[in-house]
Amino acid sequence: MDFQANKDLIFQNVAQIVEKENRPKDSVNIIAVTKYVDCETAKKLVATGIKHIGENRVDKFLEKYHALKEENLTWHLIGSLQRRKVKDVINYVDYFHALDSVKLAQEINKRADHVINCFLQVNISKEESKHGFLVEELDSVLLELAALENICLVGLMTMAPFEATHQELDQIFSEARQLQINLQAKQLKNMPFSDLSMGMSRDYPEAIANGSTYVRIGTAFFK
Ligand SMILES: *Cc1c(COP(=O)(O)O)cnc(C)c1O
């Protein structure tokens, strides 16, 4: 694996799309998802100039965190989180991308020793296999989350179906963006909703074209 070449290619692709879409330079943060590799390999990737690391499981997150904590990285927990594991991990997390229930939010609020940046996961495509709130539930969910002082809702996260076409991706990501813009306009306390976490190796071009500010890329770094 030529990590430097893979990294350069991904960063160049992202920069090109950002420019084509007339978005500000550096408006998209690239999270390297290291769940496929061990700590040594992740270290080699980080040496190419990675600033954001993402892991989807608590045990793997903690392994990488302890191996790489000297590297001045921003740490993203991107996968669904079981309530009983919150206390083990939440205070190491800079951004949690998969807030998908009020009970989980309450547990995070209880265990956090500082304000945790969270993305609300929304199930735009309504796939049954996907986690996340349905759009229709959001108003009542936000009322319940408003009381949780240790939770800052920085934005929305969504995932598109694996087999989605270009057109379907555009539709899902633009719907998420519209929702994010509407929520941001509400100017709710502890709920800036300024960001969008969407786009993976296979669909980050469509996600960036629709305003994504955090792309979560794994496979493309490790081929
Ligand atoms: C694995 C994973 C990614 C990265 O997916 P790739 O297709 O490998 O780029 C992004 N988001 C989540 C939640 C993941 O679990």
Side-chain angles (χ1 to χ4, degrees), residues 6-7 10-21 23-36 42 45-46 48-57 60-61 64-65 68 71-81 89-90 92-100 108 115-125 130-133 151-160 169-170 172-181 183-184 190-221:
N6 290 350
K7 185 264 182 184
I10 293 165
F11 276 60
Q12 277 162 21
N13 282 345
V14 168
Q16 263 175 23
I17 302 165
V18 165
E19 191 179 336
K20 180 170 148 255
E21 299 294 330
R23 295 186 50 188
K25 221 165 154 263
D26 300 324
S27 56
V28 178
N29 300 287
I30 300 171
I31 302 170
V33 178
T34 49
K35 66 187 184 191
Y36 308 107
L45 180 66
V46 165
T48 67
I50 295 296
K51 297 286 175 238
H52 296 270
I53 289 284
E55 280 285 334
N56 69 331
R57 293 175 53 108
K60 296 281 190 76
F61 178 98
K64 298 286 192 327
Y65 180 84
L68 293 163
E71 306 268 355
N72 212 8
L73 297 163
T74 301
W75 288 88
H76 300 262
L77 184 61
I78 61 176
S80 58
L81 174 58
V89 72
I90 202 64
Y92 304 114
V93 173
D94 294 307
Y95 292 87
F96 173 51
H97 290 245
L99 187 58
D100 60 1
I108 292 172
V115 176
I116 309 292
N117 294 316
C118 297
F119 288 87
L120 269 194
Q121 186 170 353
V122 284
N123 187 351
I124 303 267
S125 58
K130 287 274 190 297
H131 292 264
F133 295 107
I151 299 226
C152 177
L153 296 182
V154 295
L156 296 179
M157 182 275 226
T158 202
M159 291 208 265
L169 290 171
D170 242 8
I172 290 164
F173 292 145
S174 73
E175 199 178 320
R177 177 195 219 171
Q178 198 50 57
L179 196 57
Q180 175 255 322
I181 290 170
L183 293 170
Q184 186 176 30
N190 290 339
M191 301 182 180
F193 282 113
S194 48
D195 284 286
L196 278 171
S197 168
M198 52 192 202
M200 306 171 38
S201 294
R202 63 174 180 276
D203 57 15
Y204 71 82
E206 287 89 350
I208 294 171
N210 285 289
S212 178
T213 59
Y214 286 88
V215 290
R216 310 175 312 270
I217 298 182
T219 311
F221 280 107

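Considering only heavy atoms from C-beta on, F193 comes within 4.5 Å of L120 through its side chain. A 4.5 Å side-chain heavy-atom check between E55 and T34 finds at least one atom pair inside the cut-off.
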key: side chain to side chain contact (heavy atoms under 4.5 Å, CB included) between F61 and V93, worked out   = CA-CA 9 Å; F61 178 98; V93 173; 3.8 Å; yes
ask   = Could you go step by step and tell me if I151 and I108 meet the side chain to side chain contact (heavy atoms under 4.5 Å, CB included) rule?
value = CA-CA 8 Å; I151 299 226; I108 292 172; 3.9 Å; yes
key: Candidate pair R57 and K35, rule side chain to side chain contact (heavy atoms under 4.5 Å, CB included), full reasoning   = CA-CA 8 Å; R57 293 175 53 108; K35 66 187 184 191; over 6 Å; no
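Judged purely by atom type and a 3.5 angstrom limit, N6 uses its side chain to pair as donor or acceptor with the backbone of F221. A distance-only check finds a donor-acceptor pair linking the side chain of R216 to the backbone of S197 [under 3.5 Å]. Checked by atom type and distance alone, the side chain of Q121 never pairs as donor or acceptor with a backbone atom of M157 at under 3.5 Å. Side-chain atoms of R23 come within 3.5 Å of backbone atoms of S212 as a donor-acceptor pair (strictly under, hydrogens ignored).
With no hydrogens or angles considered, a side-chain donor-acceptor pair links N210 and D170 at under 3.5 Å. A donor-acceptor contact closer than 3.5 angstrom links the side chains of T213 and D195.
The two residues G218 and S201 have their closest heavy-atom pair at N-OG, 3.6 Å. Heavy atoms only, all atoms of each residue included: L156 and A176 are closest at CD1-O, 3.7 Å. Here the shortest heavy-atom pairing between I90 and L81 reads CD1-CD2, 4.4 Å. Heavy atoms only, all atoms of each residue included: P192 and C152 are closest at CD-SG, 3.6 Å. Residues R202 and A160 approach most closely at NH2-O, 3.9 Å, considering heavy atoms. For the pair I208 and V18, the tightest heavy-atom approach, listed with the atom from each and the gap, is CG2-CG2, 4.1 Å.
I172 CD1 to L169 CG: the interatomic distance, rounded to the nearest 0.5 Å, is 6.0 Å. Between the CD1 atom of I50 and the CG atom of L68 there is a distance of 11.5 Å, given to the nearest 0.5 Å. The line from NZ of K51 to CG of N72 is 7.5 Å long, rounded to the nearest 0.5 Å. Here the CZ atom belonging to F119 is positioned 10.5 Å from the CG atom belonging to L153, to the nearest 0.5 angstrom. Atom CG of N123 is separated from atom OG1 of T158 by 6.5 Å, given to the nearest 0.5 angstrom. Summarising the geometry, atom CZ belonging to R177 is positioned 10.5 Å from atom CD belonging to Q184; distances are rounded to the nearest 0.5 Å.
Using a 30° and 60° split on the angle between ring planes, H97 and Y214 fall in the perpendicular class, above 60°. Below 30°, between 30° and 60°, or above 60°: for Y65 and W75 the angle between ring planes is above 60°, a perpendicular geometry.
For the side-chain contact (heavy atoms from CB on, under 4.5 Å) criterion with F173, the lone passing option out of I124, D203, L196 is D203.
Not counting sequence neighbours, the partners of S80 by the side chain to side chain contact (heavy atoms under 4.5 Å, CB included) test are D100, H131.
Heavy-atom neighbours of E19 CD from other residues, nucleotides or ligands within 6.0 Å: at or below the threshold of 12.
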